[in-house]
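Data first, discussion second: the structure below is written as structure tokens.
Note that the coordinates shown come from a computational prediction; the quantities given were computed from them, not determined experimentally. Whatever order the structure lists ligands and atoms in, that order sets their numbers, starting from 1.
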Amino acid sequence: MTIRVHRKLLLTGAAGGLGKILRERLKENCDVLRLSDIADLGAAGDREEIIIGDLADAGVVDSMVKGVDAIVHLGGYSVEGPFQPILQANIIGAYHLYEAARRHDVRRVIFASSNHVTGFYRQGETIDASHAPRPDGIYGLSKAFGEDLSRLYFDRYGIETACLRIGSSYPEPKDRRMLATWLSYGDLHRLVTACLTTPVLGHTIIFGMSDNAVTWWDNRLARHVGYSPQDSSDAFRDAVYARTPAPDLGDPATQCQGGVFVRTGPFE
Ligand code: NAI
Ligand code: 15L
């Protein structure tokens, strides 16, 4: 169910893979969709506003946030990499975003966190939102910072946040790991919509996954969000098995939920 409860929404990272998907779909959720990114976004379409700028620039972030009712924050460095760009985009950028939300009284944020906050848990175990973070790299650590930052701004200022620990959101699962981590684009939009519209969100951590038979994550602590996935990786299972080799059980990328991120880098 899509309910248009917001007048003006901000979507950061709108030029990215998921931003392009949500650019169209989030128009169902609001009267005006404000888009931002450091990269080109083309011309503003019907009911769109565009602000180009760097999340590391506090002034630009302030102008992005001013006048919106809620924020879907996808912008940032989205893979494992060197510390400096991750620091600028994900850590300093998230701080600027929450400070601007506090100043402009924005009450709800949907934050694109990542499964890499808990990437060092084993593929043979099931975790929920009460398990301690075990980041699998600098990128996962930066998302853990974003989750803690949002908790501070909830406890202190009452700004509600959903931290979406997104698994792997692509048109279809690319490999055997993604049979567990896959989040369809339709379910991504359903998840964001549920977080935008649930009456009381509070500060919530929720794993962003479709209704996959193989799963490592339990969303029982986020039932109040009302997210009900409609898609499943199961339909892709035979095809994925047919085109991918049997996993090497001695490889940390097979042992751990974070996959290859657990052995990517260091970069310095
Ligand atoms: P993406 O890399 O395609 O998009 C990120 C966008 O952020 C890009 O358009 C980029 O230009 C923008 N950006 C980067 N640094 C910036 C800065 N300093 N200032 C302003 N904009 C900046 O990533 P994707 O796949 O669209 O993911 C969106 C979000 O979801 C990211 O935060 C990512 O970490 C998170 N996520 C995505 C997953 C997936 O499966 N696609 C899985 C887990 C988390
Ligand atoms: C992520 O956090 C990344 O943004 C995305 O590119 C994928 O690699 C995904 O995790 C994943 O774990 O598959």
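Side-chain atoms of Asp62 and His104 form a donor-acceptor pair, as typed in the model, at a separation below 3.5 Å. Using a 3.5 Å distance cut-off with no hydrogens or angles, the side chains of Thr204 and His224 do pair a donor with an acceptor. Using modelled atom types, one finds no donor on one side chain facing an acceptor on the other under 3.5 Å when comparing His203 with Asp155.
Looking only at heavy atoms of the protein, atom 13 (N) of ligand 1 is closest to Gly76 N, 3.6 Å. Atom 3 (C) of ligand 2 has Ser78 O, 3.1 Å as its closest protein atom, hydrogens excluded (heavy atom only). The nearest protein atom to atom 44 (C) of ligand 1, hydrogens excluded, is given as Ser113 O, 3.1 Å; this is a heavy-atom distance. Looking from atom 10 (O) of ligand 2 to the surrounding protein, the closest heavy atom is His116 NE2, 3.1 Å. The shortest contact between atom 40 (O) of ligand 1 and any protein heavy atom is with Ser169 N, 2.7 Å.
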query = Given Lys27 and Asp46, is the salt bridge (Lys or Arg N to Asp or Glu O under 4.0 Å) satisfied, shown in steps?
reply = CA-CA 9 Å; Lys27 282 195 199 166; Asp46 180 42; 5.7 Å; no
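In this structure, of Ser78, Ala94, Gly53, the residue bringing a heavy atom nearest to atom 2 (O) of ligand 1 is Ser78. With distances taken over non-hydrogen atoms, the option nearest atom 18 (N) of ligand 1 out of Ile38, Val61, Asn115, Asp54 is Asp54. Nearest-heavy-atom check against atom 9 (C) of ligand 2 across Ser114, Gly167, Pro173 picks out Gly167.
With hydrogens and angles ignored, the 3.5 Å screen pairs a side-chain donor or acceptor of Glu80 with a backbone N or O of Ile138.
In this structure, Ser36 does not count as a contact residue of ligand 1, since none of its heavy atoms falls inside 4.0 Å of the ligand. Residue contact check for ligand 1: Gly167 places a non-hydrogen atom closer than 4.0 Å to it. Arg177 counts as a contact of ligand 2, since one of its heavy atoms falls under 4.0 Å from the ligand. For the pair Ser169 and ligand 2, no heavy-atom separation below 4.0 Å is found. Contact analysis puts Lys143 in contact with ligand 1, with a non-hydrogen atom separation below 4.0 angstrom. Distances shorter than 4.0 angstrom occur between a heavy atom of Ser168 and an atom of ligand 1.
Looking at Arg177 and Asp175, no side-chain N of the basic residue comes within less than 4.0 Å of a carboxylate O on the acidic one, giving no salt bridge.
Here's the thing with Asp37: one of its N/O atoms is less than 3.5 angstrom from an N/O atom of ligand 1. Considering backbone and side-chain atoms together, Tyr77 places no N or O closer than 3.5 Å to any N or O of ligand 1. Considering backbone and side-chain N/O of Thr181, none are found under 3.5 Å from N/O of ligand 2. Close N/O approach between Ala89 and ligand 1 is not found [any backbone or side-chain N/O within under 3.5 Å]. At a 3.5 angstrom cut-off on N or O pairs, Ala56 does not count as close to ligand 1.
Listed by atom number, the atoms of ligand 1 under 4.0 Å from Gly17 heavy atoms are 3 (O), 26 (O). Interface of Gly13 with ligand 1, defined as ligand atoms under 4.0 Å from a residue heavy atom, comprises 6 (C), 7 (O). Per-residue contacts place Tyr170 under 4.0 angstrom from the following atoms of ligand 2 (heavy atoms of the residue considered): 5 (C), 6 (O), 7 (C), 8 (O).
Judged by a 6.0 Å distance limit and a 45° cone about the ring axis, Arg176 is positioned over the six-membered ring of Tyr241.
Rounding to the nearest 0.5 Å gives a distance of 8.0 Å between CD of Gln257 and OG1 of Thr126.
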